[in-house]
There are 2 protein chains.
Amino acid sequence: MNDASSRSTYDASNYRTPDGAPSDIVIFTIVSKSKEQGKKALPARELQVLLIQRKSWPFEGCWALPGGFCHEDESMESCARRELLEETGVQDVHMEYFNVYSKPGRDPRGWMISHAFVALVEEQQLLGRKAADDAADVRLFPVEAALSMELAFDHSVILRDALGKVRENMLTTTIAKQFLPQEFAISELYQVIQTVVPDFQEQNFIRKITSTKSRKGIIEEVYDERGERKHSNRYSQRAAQLYAFTDYAPRLSIYS
Amino acid sequence: MNDASSRSTYDASNYRTPDGAPSDIVIFTIVSKSKEQGKKALPARELQVLLIQRKSWPFEGCWALPGGFCHEDESMESCARRELLEETGVQDVHMEYFNVYSKPGRDPRGWMISHAFVALVEEQQLLGRKAADDAADVRLFPVEAALSMELAFDHSVILRDALGKVRENMLTTTIAKQFLPQEFAISELYQVIQTVVPDFQEQNFIRKITSTKSRKGIIEEVYDERGERKHSNRYSQRAAQLYAFTDYAPRLSIYS
DNA sequence: GCAATAGTGTCTCTGAGACACTATGAG
DNA sequence: CTCATAGTGTCTCAGAGACACTATTGC
């Protein structure tokens with residue numbers, strides 16, 4: 001039966017339909033692990049992912065990605081945002097759709113076609129929620145740990161794909177801003193990139209990102225009310241110039 | 001109701017489920033429009049998209065993207081490949097998933113969550129099929145023309161998104177190879193890129209892509225059996241060096 | 001002064017960009 | 001010879017990469 005004939009005789013009741021269209025959300029955050037309070041130093045940072053522990057069949061007791069079923073009156077994106085809000089209390093965050101997971105048999109409950117999103121959330125936003133909700137079944141895990149766990153459904157695969165996507169986007173887009181305050185020091189930016197993409201290394205990072213003509217425009221120096229360049233010594237003795245992302249998004253090309 | 005409680009009481013029959021999970025496939029091809037047969041010149045090329053004309057409700061008579069409903073025993077990707085084969089006779093082509101379309105009301109038949117793929121097909125592969133199938137309801141349209149048509153459902157949006165995706169990928173990945181023979185001249189590659197991304201312009205294209213160290217490895221010269229560099233004068237008086245894509249895929253970064 | 005991070009000087013080599021030039025070969 | 005396309009010479013300037021050096025400031 002080809003498409004034309006199937007459509008010409010279309011009647012929904014003729015067909016087996018999916019049993020649900022869930023969204024699964026991979027929520028990444030970067031947590032700062034400041035070693036000693038007295039010391040003024042860049043805190044060590046770690047990429048973590050939020051997982052929930054399932055309370056019921058299937059995969060009872062297993063850790064899984066948060067998510068939930070799409071309603072008839074919402075789009076997948078709305079669904080994901082709703083679930084994100086319900087499960088973490090977080091809204092207005094960077095979220096993007098990245099893949100569909102539809103392998104037959106991936107969900108014992110039936111024919112479920114799952115839609116995976118990546119959300120990038122500041123640590124702060126999650127901490128508030130986690131304090132309020134003392135259920136032990138939602139927790140942040142270091143990504144490496146989560147990757148080696150056996151998650152429910154095909155969530156290990158989804159997590160791996162999501163991590164790949166975020167690593168790619170970290171280098172090709174300006175999503176680093178999702179993990180940074182509005183105004184930040186170059187060293188913070190560098191550290192965020194390295195936290196997500198461990199093998200990222202640029203020896204002359206400052207120069208490239210500031211004094212380069214081609215790159216110029218991704219970030220810009222921040223000035224205070226008096227027109228002076230704004231500095232901060234949050235993380236260092238010598239105060240560092242603060243920068244902010246601009247709206248400029250360079251267009252990359254392998255053909256340059 | 002939050003996710004945990006909904007799962008703890010899970011029963012498929014409690015929920016309204018989607019009425020279908022179709023795939024829609026945006027099939028791009030580049031057609032060569034050789035002006036005069038006598039002349040040895042690069043043929044003009046044009047990016048075209050394959051559309052079908054619907055025979056039945058809804059959107060009867062409207063042009064639409066090919067596609068069809070997913071079966072319970074296949075993944076979305078399999079579904080798209082099956083539909084592509086059924087509707088165009090084409091298989092083993094480059095195809096990638098790029099987005100989900102789930103806005104409520106997008107399909108008058110019900111709650112349909114559609115999954116959009118882009119396929120890149122060589123002109124040849126489509127021509128054979130189109131000759132065999134003389135139904136007047138499948139045709140190639142120049143992209144610009146298709147963009148200004150009123151397509152069925154939200155297919156105009158899908159087409160626009162697909163074009164954006166292909167343009168991005170044309171510059172950031174080596175998908176150009178999907179439109180080229182195994183061995184090709186630099187001018188062909190350049191022309192393919194320009195066909196898909198009209199404002200792409202590199203004055204010293206040859207040098208950049210060949211003699212550059214950083215770029216070195218995307219393509220390589222082709223040698224014949226005797227170890228001589230292979231040339232072709234298909235498109236020019238002076239024979240041009242032939243190249244082939246390698247497996248190398250450079251990693252792009254805005255932080256370089 | 002020391003420690004710790006911010007930021008610069010300087011040198012070399014490669015590549016981008018521009019543009020004129022030479023090379024090849026069919027008609 | 002002419003023409004169209006392939007490909008090179010050459011010059012300038014910007015940027016990468018490396019590494020040592022100076023700057024700032026809390027303690």
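The chains referred to below are lettered A, B, ... by the order of the sequence lines, with proteins before strands, and numbering in each begins at 1.
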Per the side chain to side chain contact (heavy atoms under 4.5 Å, CB included) rule, which among Ile209(B), Thr210(B), Leu180(B) passes with Tyr243(B)? Thr210(B)
Mind calculating the distance between CD (Gln241(B)) and C1' (dA6(D)) to the nearest angstrom? 11 Å
Phe205(A) and Phe200(A) aromatic ring geometry - parallel, tilted or perpendicular at 30°/60° bounds: perpendicular
Between dT14(C) (C1') and Lys208(B) (NZ): distance, integer Å: 14 Å
From CD1 of Ile186(B) across to C1' of dG7(D) the rounded distance in Å is 11 Å
Side chain of Arg238(A) only, please: which of dT24(C), dA26(C), dT24(D) is the nearest? dT24(D)
May I have the distance from Phe184(A) (atom CZ) to dA6(C) (atom P), rounded to whole angstrom? 14 Å
Could you tell me whether the side chain of Thr29(B) and the main chain of Val121(B) form a donor-acceptor pair under 3.5 Å? yes
Just the rounded figure in Å: distance from C1' of dT5(D) to CD1 of Ile206(B). 9 Å
Phosphate contact (dT24(C) OP1 or OP2) by Ser236(B) side-chain N/O below 4.0 Å: no
Name of the residue among Leu140(A), Val118(A), Leu84(A) meeting side chain to side chain contact (heavy atoms under 4.5 Å, CB included) with Ile27(A): Leu84(A)
Judged by nearest nucleotide, the residue sitting upstream toward the 5' end of DNA chain D, Ala239(A) or Glu202(A), is Glu202(A)
Give each protein N/O atom lying under 3.5 Å from an N/O atom of nucleotides 18-20 of chain D, with the pair distance.
residue: dA18(D); atom: OP2; partner: Gln203(A); partner atom: NE2; Å: 2.3
residue: dA18(D); atom: N7; partner: Asn204(A); partner atom: ND2; Å: 3.0
residue: dA18(D); atom: N6; partner: Asn204(A); partner atom: ND2; Å: 3.4

Ion pair present between Arg45(B) and Glu188(B), side-chain N to carboxylate O less than 4.0 angstrom? yes
Hey, what's the ring geometry for Phe245(B) with Phe184(B), parallel, tilted or perpendicular (30° and 60° as the breaks)? tilted
Would you mind reading off the distance between Leu242(B) atom CG and dG7(D) atom P, rounded to a whole angstrom? 9 Å
Let me know the distance between OH of Tyr255(A) and C1' of dG17(C), rounded to the nearest Å. 20 Å
Are Lys165(B) and Phe98(B) in a cation-pi setup, meaning NZ or CZ lies under 6.0 angstrom from the ring centre and within 45 degrees of the ring axis? no
Send over the distance from Phe205(A) CZ to dA6(C) P, rounded to a whole Å. 12 Å
